[in-house]
Amino acid sequence: MNKEESRKGKVWLAGAGPGDAALLTVKTRELMGQADVVVYDALVSTEILSLIPEHVKMICVGKRAGNHPVPQPEINEILVREALKGNQVLRLKGGDPFVFGRGGEEIERLLEDDIPYEVIPGITSAVAVLAYNGIPITHRDYTSSFHVITGHARKGKELSIPYEQLVKLNGTLVFLMGISALSEIVNGLLLAGMDPQTEAAVLEKGTTAHQRRVIATLETLKDRVREAGIQTPAIIVVGKVCGLADEFAWEEKRPLSGRQILLTRPRQNISKLAGILRANGAHVIEMPSIETRTITPNPEFVRAIDSFGKRAEEEWMIFTSPIGVHTFFELLKEEHLDIRTLFCGAFQKQVNVRIAAIGKTTEKALETYGLFADVVPDTFCARALGEAIGKAAAKNSAATIFRAAIGSKELLPPLQEVMKEVDDVPLYETEYFLHPELKEQISDLLSTGKIDAVTFTSASTVKGFVKTLGDFDYSKVNAVCIGQQTAAEAEKYGMHITVSKQATMDSLVETLFVLSNEQK
Ligand code: SAH
């Protein structure tokens, strides 16, 4: 970037694809993490918006919850204003920015102020929504061209579609923004001489968890669409290829198809679980209700390390989360402390250092640093951890717990029973923040039953979720919990609860599969 560009900022006109977050381009996905401001339309799905980091400014210019959309000239001014402040502005549009996306008009305005820009093409709904419904937009046996037509007239003007020319083309016809003019479009084609038996389709909310299709003939399409109660956004397709949909359909065959799952975890840990769920056809909304912030400088930590190994012949290090483990080593490094100092007690005497982890992922995190836990309880909860250590520990030993600032108190009594000293050291704080717009969308989806399950991996994720959403009817929430303690916390708010058989991520995924089968 040259100097001039950095002073002015820059605008990326990007397509977000038709809805499924897996259809974002790599470039748009990267920019979502780098932009200072995102200016987005109503068509951009909650699933996609949930991937934008908390610190990014989000400006909605689409129609939402009864509000009118921001008029185009005003959108143009927002882009210019934000770029002139020196911001990296991501202008996020549904599908492709140039396919009925008014991207051209925005560029004309940017050019006036000489603002640098790039265009990132997106996967257009005009092709992808058909594909997700098993309709190949062309097929050598049926059609050799396709035509994308707007079914929406400019303000104050009439719809002027050249039906006669279209009918002669014998190609696949794709109408965007055409649902309110469905009748007019069908009649236009019939009057122009198209065979009433021609295959046709209307595809609703394609590539999202709520995609539906109506396959009919030109003659029956209107009635079928009315019966099905199709709503926008939807696409009208006319052409022989529509007849292939039922045979070619694949999307609904995926095990988690049609499922929308909300993940509440620290963002650092979300992606693996999200990846597994997405690969099986689920739509995942990420709600990292917990952001962690390392406490630094941390005099308590320094003091704890200093006295570690000097209190008893057997000393325990206790970890209750992978983040706790990573933060522990981050702080050691920051203080320039060598792990070997921990194994050396007073007067350079070797101490028996024992290590406990609350569950498998914490155990794995320790292994990446060359430490193998001596104790991992069968059930993933603070009390079980305390009891397991209590059994294994020598009398008059000592322990230091390295964990979050507000950790469960239940861990302490079983330790205090056998040990002469237990030190509880806070390494990181948890913070809660969600964009107000995203909060509104998630609340809407939950209260209308459009989120099939919400996952919780610890009591603190439940607390974070509730703190973030605030006043809400939690009986609408289908909570899938790891461990009894997590479930107990969710129960406090009246959530509908399923507990995974084991306290592992694999077991959580399995539970979601079982639940999905039951819900279908
Ligand atoms: N730039 C967008 C299109 C914008 S026009 C693109 O390339 O996809 C908006 C119209 O697109 C809607 O009225 C609808 O006809 C269609 N559309 C967009 N996303 C859709 C989806 N997920 N399912 C069905 N139709 C969709």
Side-chain angles (χ1 to χ4, degrees), residues 12-25 28 39-49 61-64 69-70 72 75 90-107 119-135 137 146-155 159 161 172-186 200-215 221 225 228-238 242 245 249 251-252 257-258 260 281 283 285 441 445 450:
W12 280 264
L13 251 103
D20 185 348
L23 296 182
L24 279 167
T25 61
T28 297
V39 182
Y40 65 97
D41 285 343
L43 268 182
V44 180
S45 65
T46 310
E47 192 188 345
I48 287 172
L49 295 177
V61 292
K63 191 156 75 181
R64 280 271 324 152
V70 177
Q72 190 62 48
I75 299 177
L90 180 63
R91 170 71 177 113
L92 207 52
K93 291 163 178 285
D96 178 274
F98 284 164
V99 178
F100 303 125
R102 307 185 75 168
E105 290 162 58
E106 290 172 12
I107 289 186
V119 181
I120 310 174
I123 293 189
T124 179
S125 63
V127 178
V129 169
L130 280 67
Y132 264 53
N133 279 283
I135 302 175
I137 197 161
F146 64 85
H147 313 275
V148 182
I149 305 128
T150 170
H152 182 75
R154 285 189 82 147
K155 224 180 180 168
L159 202 56
I161 297 174
T172 305
L173 306 181
V174 178
F175 296 90
L176 300 190
M177 300 181 277
I179 290 302
S180 50
L182 177 65
S183 200
E184 192 182 335
I185 290 169
V186 168
V202 166
L203 314 173
E204 181 192 61
K205 301 189 178 72
T207 84
T208 74
H210 305 104
Q211 80 166 34
R212 291 198 299 161
R213 67 169 163 275
V214 165
I215 305 290
L221 190 65
V225 165
I230 293 288
Q231 289 176 0
T232 56
I235 287 178
I236 306 167
V237 190
V238 181
C242 293
E251 199 289 323
E252 51 264 44
S257 147
Q260 186 140 261
H283 292 265
I285 296 174
Q441 291 194 17
L445 292 172
K450 291 195 180 113

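We count ligands from 1, going down the list as the structure has it; atoms in each ligand are counted the same way. In this text, all values refer to a predicted model and were calculated from it rather than measured experimentally. As a basis for the values below, the full set of heavy atoms in this structure was taken, side chains included, without hydrogen atoms, waters or symmetry mates.
If you check the side chains of Gln260 and His283, you find no donor sitting under 3.5 Å from an acceptor.
With respect to Glu252 and Arg213, a salt bridge is recorded, a charged nitrogen being found less than 4.0 Å from a carboxylate O.
Protein neighbours of ligand 1 below 4.0 Å, counting non-hydrogen atoms: Pro18, Leu43, Gly94, Gly95, Asp96, Val99, Phe100, Thr124, Ser125, Val129, Leu176, Met177, Leu203, Lys205, Gly206, Pro233, Ala234, Ile235.
Judged by distance alone, the side chain of Asp20 and the main-chain N or O of Ala22 form a donor-acceptor pair under 3.5 Å.
Partners of Gln72 under the side chain to side chain contact (heavy atoms under 4.5 Å, CB included) rule, at least two apart in sequence or in another chain, are Ile75, Asn76, Arg102, Glu105, Glu106. The side chain to side chain contact (heavy atoms under 4.5 Å, CB included) test applied to Pro121 returns Asp96, not counting sequence neighbours. Residues meeting the side chain to side chain contact (heavy atoms under 4.5 Å, CB included) test with Ala16, sequence neighbours left out: Leu24, Val44, Ile48, Leu92.
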